[in-house]
Protein chains: 2
Amino acid sequence: MRDVAAAAGVSVSTVANVLNNPGVVAVATRERVEAAMNRVGFVRSAAARQLRGLPSRLVGSITLDQGNPFYAELNRGIEDHLDEAGCMLLACSTDQRADRELRALQLLEEHSPRGVIITPTGANGQRLAAVSARGTPVVLLDARQDGADLCAAAVDHVLGGRLAGDHLLALGHRRVAFLTAGDDIAPVRERRAGLAAALEGAGAGPPVEVRAVEAGFSGGTDAAVSKLLAWAPSAVVCVNDIAALAVIRAVQARGLRVPGDLSVVGYDDLPFAAHVRPALTTVARPIRALGRVAAELLLAEGGGGHRHREAMFAPRLVVRATTAPIG
Amino acid sequence: MRDVAAAAGVSVSTVANVLNNPGVVAVATRERVEAAMNRVGFVRSAAARQLRGLPSRLVGSITLDQGNPFYAELNRGIEDHLDEAGCMLLACSTDQRADRELRALQLLEEHSPRGVIITPTGANGQRLAAVSARGTPVVLLDARQDGADLCAAAVDHVLGGRLAGDHLLALGHRRVAFLTAGDDIAPVRERRAGLAAALEGAGAGPPVEVRAVEAGFSGGTDAAVSKLLAWAPSAVVCVNDIAALAVIRAVQARGLRVPGDLSVVGYDDLPFAAHVRPALTTVARPIRALGRVAAELLLAEGGGGHRHREAMFAPRLVVRATTAPIG
DNA sequence: GTGAAAGCGCTAACAA
DNA sequence: TTGTTAGCGCTTTCAC
């Protein structure tokens with residue numbers, strides 16, 4: 001900036017005015033300064049502005065895995081809204097490990113971000129509250145504010161589980177399994193609870209729970225499917241579409257048919273769900289909108305007189321071709 | 001930091017030593033300082049360190065769309081490697097628009113990142129060279145260094161196109177279409193060139209090109225498929241797996257069978273490709289490895305005496321069930 | 001309409 | 001082993 005000032009034959013504060021207060025500087029001067037900026041290749045230093053206490057343009061995003069299509073889409077939604085405010089996403093993955101989450105939080109804080117949007121593992125609630133108390137807006141994503149008083153953009157997963165359960169009940173299913181992924185995070189517990197409530201409310205037995213070791217497209221699923229089939233359910237609700245697809249494949253590999261021999265319900269309605277054959281019946285949630293709203297809540301928290309809010313989204317059942325009447 | 005110093009009854013430079021030079025400070029003092037840091041809730045200011053000229057821990061990633069599973073996986077690979085160096089990803093999407101790319105570059109530069117990894121639209125080559133010249137390492141991802149002298153982690157897309165072409169030729173196909181997505185970026189041009197080379201080398205006609213307006217899972221595909229079928233090819237090579245899936249669906253909706261009536265080849269081998277039915281024949285590239293290597297090149301460029309390098313990955317044909325002999 | 005100067009939190013060179 | 005100090009690039013207040 002000094003260089004620009006020198007090149008334009010003015011003082012640094014005039015350059016500053018051109019930048020922050022263009023109206024106050026004479027047109028001729030301004031043009032001279034702007035020309036100088038181009039000549040010198042001037043780039044403002046965000047570090048220096050931050051040091052002066054100006055609001056940062058960085059927003060942290062901590063998800064379980066930014067490589068997962070679901071979280072990728074979420075980040076995209078966040079980015080879309082942030083873009084309008086000139087902010088950028090600092091994206092980290094935790095792989096659902098509390099230590100990685102803590103580290104990410106630490107590194108993020110050092111950059112004094114405008115705020116942090118997080119899909120929490122659930123293990124660092126206190127730390128999150130501390131970050132928030134220190135003045136960095138924290139928005140919970142896909143999680144309720146349990147205890148801590150924070151903003152949240154959440155999905156009613158109890159309803160999601162119930163939707164899946166009601167759908168299967170209506171088709172005559174009574175033996176229903178729930179396939180989870182070795183995790184015990186709140187959104188998964190809630191889905192299971194909703195499913196159980198639906199089944200038990202109708203006098204059916206509770207869902208049996210089957211754990212796949214890995215949540216991914218491959219690995220761990222095959223053993224889980226053996227366990228699953230040993231219980232001989234007529235339907236299975238999966239923790240997400242990826243798991244559902246893996247289950248379908250494993251079931252088909254055993255010579256069984258979906259939905260003829262086993263109905264399968266996914267969760268998320270990822271873009272591929274509609275294009276798979278048989279097309280996946282699944283519980284949809286507005287992923288990108290979730291991200292956008294989280295970003296909105298984050299930016300709104302900057303304003304004074306703030307009260308933490310929770311934006312709750314209702315999931316929606318999308319019936320396609322992997323569920324069928326029993327018999 | 002002053003607060004910590006006061007709380008521990010030492011000077012700021014002692015606190016600094018505890019942070020940067022722990023060996024040189026007396027154990028008792030160090031423990032006192034560390035206790036004070038916890039008490040005060042001390043968080044280092046990255047802004048201040050940067051202002052002092054220390055290397056930044058931020059790495060920019062500019063992709064076409066971080067919500068796209070391919071780029072999401074790429075970012076994850078980058079993150080994996082960066083993590084070991086304590087760096088974080090500043091992720092932006094351009095939607096393949098030159099103006100958005102320019103803006104992202106601008107915003108990134110203001111944060112003086114340790115480097116930038118970019119899937120270029122191709123329109124801002126000069127600007128990239130300028131950024132690099134100014135001292136910020138730039139690594140091209142999924143692109144060759146055309147003209148500009150930059151590091152690159154690329155895939156041999158000409159080979160990729162050729163692999164698809166050779167496979168189809170071996171199955172007896174002679175009328176082959178190439179379905180692109182309304183874009184004209186280098187990786188796509190190269191695939192088409194490789195495909196054309198294979199076909200023409202074997203005396204078959206050149207591939208006809210069909211443009212889908214949108215690259216997404218939905219939208220634009222249906223009209224493109226009509227155009228495609230009007231030409232009555234026996235096989236189609238798609239610009240990526242997502243497009244391939246959309247094509248398969250649209251073709252099936254018209255009562256035709258894949259691969260019976262039309263063979264389809266995808267590109268990328270995204271995780272779902274193996275789980276779709278019929279399972280997708282596709283050209284695979286090591287996505288996460290690409291990201292990791294890009295990150296490696298980036299960090300290596302920090303070291304002195306640097307010569308720009310190009311890491312080239314060979315794609316691999318994965319034959320599944322969407323291609324069949326003609327007849 | 002423009003300039004001078006202080007200070008944000010930190011590091012590194014030097015002094016004690 | 002610990003303390004003092006200058007200065008990184010910017011914004012902002014105040015004086016001209």
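In what follows, every heavy atom counts, from backbone to side chain, and hydrogens, waters and symmetry copies are set aside.
For E109(A) and T136(A), the side-chain atoms include no donor-acceptor pair closer than 3.5 Å. In this model, a donor atom of one side chain and an acceptor atom of the other lie less than 3.5 Å apart for S61(B) and N75(B). T121(B) and E101(B) share a side-chain donor-acceptor pair at under 3.5 Å.
In this entry the distance linking CZ of R30(A) with C1' of dG1(C) reads 13 Å, nearest Å. Across the protein-nucleic acid pair, D3(B) atom CG and dC8(C) atom P stand 11 Å apart, rounded to whole Å. For the pair N21(A) CG and dG1(C) P, the computed distance is 11 Å after rounding to whole Å. Atom CD in E31(A) sits roughly 12 Å away from atom P in dT2(C) (whole-Å rounding).
Set against dC10(C), dG3(C), dG9(D), the side chain of T14(A) has dG3(C) as its closest nucleotide.
Atom CZ of R309(B) sits in a sparse spot, with 12 or fewer heavy atoms from other residues, nucleotides or ligands closer than 6.0 Å. Within a 6.0 Å sphere centred on CZ of R2(A), other residues, nucleotides and ligands contribute 12 heavy atoms or fewer. Other residues, nucleotides and ligands place no more than 12 heavy atoms under 6.0 Å from the CZ atom of R144(B).
We find that E110(B) and R49(A) are not joined by a salt bridge, their nearest charged nitrogen and carboxylate oxygen being 4.0 Å or further apart. One finds a salt bridge joining R76(B) and D95(A) here, because a Lys/Arg side-chain nitrogen approaches an Asp/Glu carboxylate oxygen to under 4.0 Å. Contact check on R292(A) versus E84(A) returns a salt bridge, with a Lys/Arg side-chain nitrogen under 4.0 Å from an Asp/Glu carboxylate oxygen.
OP1 or OP2 of dT11(C) sits under 4.0 Å from a side-chain N or O of R49(B). Residue S11(B) places at least one side-chain N or O closer than 4.0 Å to OP1 or OP2 of dG3(D). For dT2(D), one of the phosphate oxygens OP1 or OP2 lies less than 4.0 angstrom from a side-chain nitrogen or oxygen of T29(B).
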Between the protein and nucleotides 14-16 of chain C, which nitrogen or oxygen pairs are less than 3.5 angstrom apart?
none

All N/O pairs under 3.5 Å across the protein-nucleotides 5-8 of chain D interface:
| residue | atom | partner | partner atom | Å |
| --- | --- | --- | --- | --- |
| dG7(D) | N2 | R52(B) | NE | 3.2 |
| dG7(D) | N2 | R52(B) | NH1 | 3.0 |
| dG7(D) | N3 | R52(B) | NH1 | 3.4 |

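Counting any heavy atom pair closer than 4.0 Å across all strands shown, A26(A) reaches sugar-phosphate atoms only and no base atom.
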